[in-house]
Amino acid sequence: MRRVGVLGAGAWGTALAQVLASDGREVLLWAREDDVVAEINDRHGNSQFLPGAALSPRIEATGDLARIAGVEVLLVVTPAQHTGAVLGAMPRHPAHLVLCSKGIEAGTGRLMNDVAREAAPASAIAVLSGPTFAHEVAEGLPTAVTLACSGGEAQWDALSPVIARPAFRPYYSDDVTGAEIGGAVKNVLAIACGVVDGLDLGQNARAALIARGYAEMLRFGETLGARAETLAGLCGLGDLVLTCSSTSSRNFSLGKALGEGRSAAQLMADRRTVAEGAFTAPVLVDLAARHGVAMPIVDAVNGLLGGAGPRETVQALLSRPLRAEQGAWG
């Protein structure tokens with residue numbers, strides 16, 4: 001049985017540790033906060049990030065990066081903007097890194113697999129992504145995800161038995177770029193759907209926004225080398241539908257609060273947990289412009305995060321010229 005660890009004890013990292021421990025496996029979970037380490041080890045809970053979850057006693061928490069570096073398979077669940085720094089601080093790296101955070105690095109525009117390859121060039125890289133609310137995963141409710149393996153089927157054969165559980169079902173892909181782009185873009189689109197909810201614009205508007213947002217995801221992804229069938233799957237459309245439909249999504253909740261009239265600066269200052277779409281939006285705008293990809297909804301979200309009014313922003317989207325639904329137009 002391969003030794004397995006989880007890097008990052010936020011809600012998603014803690015839920016993944018719970019899944020991995022569900023078959024009796026011992027799981028090492030790294031947390032930055034000393035109080036989180038103590039609570040997981042002493043009381044088998046993480047009230048700060050996953051309140052109400054009774055964690056398996058097979059989960060051991062540590063704040064020591066050297067210890068977590070000794071596992072064979074490491075699920076990396078640190079926030080996207082900190083992944084490079086945390087991996088860079090490790091004294092060595094496991095044979096397999098499974099990237100579970102969704103985002104694009106600010107300042108560089110790099111996907112997480114590029115960040116990880118620079119920090120850990122000897123590790124095999126995979127990406128785990130899909131429609132996954134942490135509290136449902138921790139409760140053992142049925143969940144399906146994409147496991148995209150840069151090393152192809154041989155890597156899948158090594159990783160899938162470590163990750164798969166009766167209620168946690170991975171599906172194979174070798175499209176690492178597609179898996180990452182789906183997860184990053186949907187966070188920004190979820191903010192937009194939250195704004196629609198906050199403005200009480202109705203279900204029709206949200207459904208239209210999901211469909212048109214998916215068109216933007218597809219245009220952007222294919223331009224950067226992702227496959228359309230990947231983005232039509234769990235890590236693209238599946239994740240988009242989930243996070244654009246519920247306040248359990250941090251990004252949707254952020255957008256809803258913006259639509260209700262609260263300022264982005266206030267909301268980001270108040271949040272201990274990360275709405276990654278707020279960091280991804282300006283990076284995505286820059287990348288889309290660089291590659292000549294029209295992403296008007298992403299542009300609108302970026303404007304909202306910069307202080308634009310939500311009603312004025314919606315009106316600007318509705319006032320765009322009429323055009324064909326299919327094809328390269330935005």
Side-chain angles (χ1 to χ4, degrees), residues 4-22 25-69 71 74-87 89-90 98-103 112 128-129 131-141 143 168 183 187 190-191 194 242-243 246-257 262 264-280:
V4 61
V6 178
L7 189 69
W12 184 216
T14 303
L16 284 169
Q18 181 81 332
V19 167
L20 295 172
S22 65
R25 183 188 303 268
E26 292 186 357
V27 178
L28 191 61
L29 174 61
W30 179 85
R32 179 176 56 85
E33 304 87 351
D34 292 339
D35 56 335
V36 172
V37 171
E39 184 183 6
I40 291 171
N41 289 336
D42 298 341
R43 298 188 293 280
H44 307 302
N46 186 348
S47 59
Q48 190 171 136
F49 294 109
L50 197 63
L55 301 181
S56 168
R58 308 293 289 181
I59 300 172
E60 179 190 356
T62 181
D64 185 354
L65 284 173
R67 280 198 67 201
I68 201 77
V71 302
L74 181 63
L75 277 62
V76 181
V77 204
T78 47
Q81 304 309 320
H82 302 289
T83 294
V86 176
L87 288 177
M90 295 176 67
V98 182
L99 308 179
C100 307
S101 301
K102 300 168 183 176
M112 291 299 100
L128 187 148
S129 188
T132 50
F133 283 153
H135 65 280
E136 292 191 9
V137 172
E139 291 170 15
L141 297 176
T143 300
F168 193 80
N187 281 335
I191 295 174
L242 180 71
T243 52
S246 172
T247 53
S248 292
S249 160
R250 293 187 295 269
N251 294 285
F252 183 93
S253 295
L254 172 61
K256 180 176 172 65
R262 297 181 64 187
Q266 175 192 17
L267 292 164
M268 295 303 292
D270 285 348
R271 287 171 180 267
R272 175 132 195 195
T273 55
V274 176
E276 191 62 54
F279 299 102
T280 302

Task: From Ser56 atom OG to Ile40 atom CD1, the distance as rounded to the nearest 0.5 Å - done: 11.5 Å
Open item on the list: Before you tell me yes or no, could you show the steps for Val137 and Trp12 under side-chain contact (heavy atoms from CB on, under 4.5 Å), namely the whole-Å CA-CA distance, both residues' side-chain angles and the distance that decides it to 0.1 Å?
Closed with: CA-CA 9 Å; Val137 172; Trp12 184 216; 3.8 Å; yes
- [ ] Rounded to the nearest 0.5 Å, what's the gap from CG on Leu65 to CZ on Arg32? Could you check?
- [x] 11.5 Å
Task: Shortest non-hydrogen separation from Val77 to Cys100 and the atoms involved - done: CG2-CB, 4.0 Å
Open item on the list: Distance check, rounded to the nearest 0.5 Å: Ser129 atom OG versus Met112 atom CE?
Closed with: 12.5 Å
Open item on the list: Using a 3.5 Å distance criterion without hydrogens, assess whether the side chain of Ser253 forms a donor-acceptor pair with backbone atoms of Arg250.
Closed with: no
Open item on the list: How long is the straight-line distance from CG of Asp64 back to CE of Met90, given to the nearest 0.5 Å?
Closed with: 10.0 Å
Open item on the list: A side-chain contact here means heavy atoms from C-beta on lying under 4.5 Å apart; do Leu20 and Arg58 qualify?
Closed with: no
Task: Gap separating the CG atom of Leu29 from the CG atom of Leu16, nearest 0.5 angstrom - done: 9.5 Å
Open item on the list: If I compare all heavy atoms of Val71 with all of Leu74, which pair ends up nearest, and what's the gap?
Closed with: CG2-CB, 4.0 Å
Open item on the list: Checking side-chain polar atoms at under 3.5 Å, does Asn46 have a donor or acceptor matched by the opposite partner on Thr14?
Closed with: yes
Open item on the list: Would you compute the distance between atom CD of Glu60 and atom CG of Asn41 and round it to the nearest 0.5 angstrom?
Closed with: 6.0 Å
TODO: Determine whether more than 12 heavy atoms belonging to other residues, nucleotides or ligands lie under 6.0 Å from atom CG of Asp42.
DONE: yes
Open item on the list: Is it the case that the side chain of Gln18 and the backbone of Ala54 share a donor-acceptor pair, with hydrogens and angles ignored and the cut-off at 3.5 Å?
Closed with: yes
Which pairs would a plain distance check flag for residues 4-11, meaning a side-chain donor or acceptor within less than 3.5 Å of a matching protein atom at least two apart in sequence or in another chain?
none

TODO: Report yes if some heavy atom in the side chain of Thr243 is under 4.5 Å from a heavy atom in the side chain of Phe252; otherwise report no.
DONE: no
Open item on the list: Quick one, Lys102 and Thr132 - any side-chain contact, counting heavy atoms below 4.5 Å?
Closed with: yes
Task: Closest contact, heavy atoms only, Gly103 versus Ala80 - done: CA-CB, 3.9 Å
Open item on the list: Could you report the tightest heavy-atom contact between Leu50 and Ala138, atom names first, then the distance?
Closed with: CD2-CB, 3.7 Å
TODO: For Thr78 and Val76, indicate whether the former's side chain and the latter's backbone hold a donor-acceptor pair under 3.5 Å.
DONE: no
- [ ] Can you see which heavy atom on Ala275 is nearest to which on Leu254, and at what distance?
- [x] CB-CD2, 3.8 Å
- [ ] Taking the side chain as every heavy atom from C-beta outward, state whether Ser101 and Glu276 have any atom pair closer than 4.5 Å.
- [x] no
Task: Heavy-atom closest pair, residues Asn251 and Gly277 - done: OD1-N, 2.8 Å
